[in-house]
Colleague: 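Starting off with a structure, shown below.
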Number of protein chains: 2
Amino acid sequence: MKPTERRILEAAGKLFSQRGFHATGMRAIARAARVSLGTIYHHFKSKEEMLLALLREEYDKRRRAIEALKEEDLPVPEMIRRTAELHFRLLLETGPSLRPLAQGLRGLSPQAKRAAIAMREEFVNYLASLIGEGISRGQIRRCDPVIAAHSFLGMVEAVSARAMEGDGVAVRIQERGAVELAEIAWRALAPDTPQGGQR
Amino acid sequence: MKPTERRILEAAGKLFSQRGFHATGMRAIARAARVSLGTIYHHFKSKEEMLLALLREEYDKRRRAIEALKEEDLPVPEMIRRTAELHFRLLLETGPSLRPLAQGLRGLSPQAKRAAIAMREEFVNYLASLIGEGISRGQIRRCDPVIAAHSFLGMVEAVSARAMEGDGVAVRIQERGAVELAEIAWRALAPDTPQGGQR
DNA sequence: ATAATTAAAACGAACGTTCGATAGACAAGG
DNA sequence: CCTTGTCTATCGAACGTTCGTTTTAATTAT
């Protein structure tokens, strides 16, 4: 990807996550990327295409990281913990986070919305299969894997969203968030008979 | 509140939650409420004021319900369970749910944004104080109450959001969501020494 | 040459909002 | 009973702005 495209995409991602997709204008993106309006349209077909490119990047980042995690062949509960930390840290690091991006879904063109939802679903289903796997191995308690996966993502994203406000509470959450979330996720999914036991 | 205002507010709430705040135009609201543009502005100062009125209504609804729950003087873990179910069911019932509304925050005027965030914070802090109370009574494990509260809301809202899609998965989540969420919340917050024990 | 970038103008559409006109309700004064 | 005035509700045209996008011509880099 060319440096100009990178700069444009980064500026767009930052603005989308700060102000929301619909509240961000192409002129603001151009200004932030220090590029003209024409240049943006030289590289991207539309504003929606930029959003989808950003979503794709973020999901790919997580998919790669989780698959690397899978290589380590950890027990499933530990995978859950690490995935919580991973998702949380990525949300904090990358300005253009998934959460504000996904918020802009409503009001998109039907096909763009479908594409964005499909990406999200793919991610959720991957987590759900991970959880289902853990259940059949007895490493996770019996529960609805899809609901558990949505709960998992929802809580991580809500906490990270709060951590991105500018106040003092946000700072504490940035420090404590990952470990607290991992703890919550672990306890919520741990089997009744503690074979992997506490911690 | 006059019937016309009710109709306008209901239409606005439904559209905001379906398409998002920024993607919903005043003309669409007028059309859905079967009134003219002028009538809307006769009753409401601005589009933002409508959003804030809706948010206030929804938060009030929850505050009243939770305070009624508090009257019963249940053990805190049971309160957590019930609150999860309550929030989840309210999100499903009311078209104009808090989640899509809160999504529209970005891009609002500074004062409107401040007001909306303050409402959300008040709700979160109430839950956090509930959790803190439970900790000091030994009914909830030691954890960060604010992070736990955000996690709690985030997961309920994420699951309910998925439950509002139109497909078959959504139907199952509508049926199972409340009990699964209550289970997750309870396990995530239960103390290590099971005095209230399982269930 | 070919591609990348620029500034600027323009497009139609949609945006949130304002405004003047109209209609009905209700009461007061004749 | 009729008028007159005042109030509120409702309408729909119109305002000015901004939107995403396209286009054009000129300039710079590869």
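Letters A, B, ... are given to chains in the order of the sequence lines, protein chains preceding strands, and every chain is numbered from 1. All values reported here derive from a predicted model rather than from experimental measurement.
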Colleague: Between dT10(D), dA4(C), dG16(C), which one does the side chain of His42(A) approach most closely?
Modeller: dA4(C)
Colleague: For dT5(C) and His43(A) - does any side-chain N or O of the residue sit under 4.0 Å from the phosphate oxygens OP1/OP2?
Modeller: yes
Colleague: Just the rounded figure in Å: distance from P of dA4(C) to CD1 of Ile40(A).
Modeller: 16 Å
Colleague: Tell me the interatomic distance from Phe44(B), atom CZ, to dT18(C), atom C1', rounded to whole angstroms.
Modeller: 18 Å
Colleague: Could you check how far CD of Glu49(B) sits from C1' of dG16(C), rounded to whole Å?
Modeller: 14 Å
Colleague: Quickly work out the Lys47(A) NZ to dT22(D) P distance and round it to whole Å.
Modeller: 14 Å
Colleague: Rounding to a whole Å, what distance do you find between Ile29(A):CD1 and dC19(D):P?
Modeller: 11 Å
Colleague: Within less than 4.0 Å of OP1 or OP2 of dG20(D), is there a side-chain N or O belonging to Ser46(A)?
Modeller: no
Colleague: On DNA chain C, compare the nucleotides closest to Lys45(B) and Ser36(A); which residue's is nearer the 5' end?
Modeller: Ser36(A)
Colleague: I want to confirm an ordering. Mapping Thr24(A) and Thr39(B) to their closest nucleotides on DNA chain D, which one lands closer to the 5' end?
Modeller: Thr39(B)
Colleague: So does Arg27(A) reach the base of dT21(D) with its side chain, donor to acceptor, closer than 3.5 Å?
Modeller: yes
Colleague: Looking at dT17(C), dT22(D), dC11(D), which one has an atom nearest to any side-chain atom of Leu37(B)?
Modeller: dT17(C)
Colleague: Measure from NZ on Lys2(A) to P on dA29(D) and round the result to the nearest Å.
Modeller: 17 Å
Colleague: Under the criterion side chain to side chain contact (heavy atoms under 4.5 Å, CB included), I'd like the reasoning laid out for Lys45(A) against Met50(A): C-alpha separation, chi angles, the key distance, then a yes or no.
Modeller: CA-CA 8 Å; Lys45(A) 213 169 60 218; Met50(A) 300 175 63; over 6 Å; no
Colleague: What is the separation between atom OH on Tyr41(A) and atom P on dC19(D), rounded to the nearest whole Å?
Modeller: 11 Å
Colleague: Contact class for Ser109(B) (heavy atom, under 4.0 Å): base, sugar-phosphate, or nothing?
Modeller: nothing
Colleague: What's the separation between atom NE2 in His87(B) and atom CZ in Phe123(B), rounded to the nearest 0.5 Å?
Modeller: 5.0 Å
Colleague: If every non-hydrogen atom of Cys143(A) is compared with every non-hydrogen atom of Ile135(A), which pair is closest and at what distance?
Modeller: O-CD1, 3.5 Å
Colleague: Using a 4.0 Å heavy-atom cut-off, does Gly38(B) contact any base of the nucleic acid, only the sugar-phosphate backbone, or nothing at all?
Modeller: base
Colleague: Verify side chain to side chain contact (heavy atoms under 4.5 Å, CB included) between Leu52(A) and Met119(A), making sure each step is shown before the conclusion.
Modeller: CA-CA 9 Å; Leu52(A) 293 183; Met119(A) 284 191 246; 4.0 Å; yes
Colleague: For Arg114(B), what residues pass the side-chain contact (heavy atoms from CB on, under 4.5 Å) criterion, not counting sequence neighbours?
Modeller: Pro110(B), Gln111(B)
Colleague: As a test of reading the structure: which of dG16(C), dT10(D), dT22(D) is closest to the side chain of Met26(B), going by heavy atoms?
Modeller: dG16(C)
Colleague: Taking only N and O in the side chain of Thr4(B), is any of them less than 4.0 Å away from OP1 or OP2 of dA9(D)?
Modeller: no
Colleague: Using whole Å, report how far CG of Leu15(A) lies from P of dG20(D).
Modeller: 12 Å
